[in-house]
Each structure stands twice: as structure tokens, then as C-alpha cells.
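Side-chain atoms are counted along with the backbone in the values below, which use heavy atoms only and exclude waters and symmetry mates.
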Amino acid sequence: MNTIVTPMKRFYALTALLFMMFAPLSINAQPGFQETVDDESTSTAPINGYVYAGVLAAGIIGYAATRQKKATV
């Protein structure tokens, strides 16, 4: 199988690779809290059962949408 890699495909691949390498640097460069902020005594928000139901419903809707799109093509 002969595959021809065009310069644009190589450029897009290199750009994507560089973005994936350097994007986490900007995420980790967030400033912290000041010393006067009490962020350890606050309680965390619980994740209830509705989140799991929402994820399941979104998966079913997405699956049905892709099946419907394949049937019309």
C-alpha cells in the first residue's frame, strides 16, 4: 500500500503534536490561592445518581443518532 504524505498533512500532524505537548503547560501555570484563603475546610460537592443517569441517557441518544445517520446514507 503506497501512501503519499503531503506537506500539509505533515504540517497538521506536527501542529497537533506540538499542541498536545505544550497545552498542559498553560493549564498547570494557574496561580494559587493567597495564604489568607481557607480552601481546605470547605466540603466537596457530592456526585449523586443523576450524573450516571445523564451519562447513560447521553450515550443512548448519541448511539441512536449515529445509527439513524448511517441508515439515511
| said: If hydrophobic clusters are built from ILVMFWY residues whose side chains come within less than 4.5 Å, do Y52 and I60 share one? | reply: no
So CG of L17 and CZ of F22: to nearest 0.5 Å the spacing works out to 9.0 Å
The side chain to side chain contact (heavy atoms under 4.5 Å, CB included) partner of Y12 among K9, R10, M8 is M8
Separation between CG (L56) and CD1 (I61), nearest 0.5 Å, reads 10.0 Å
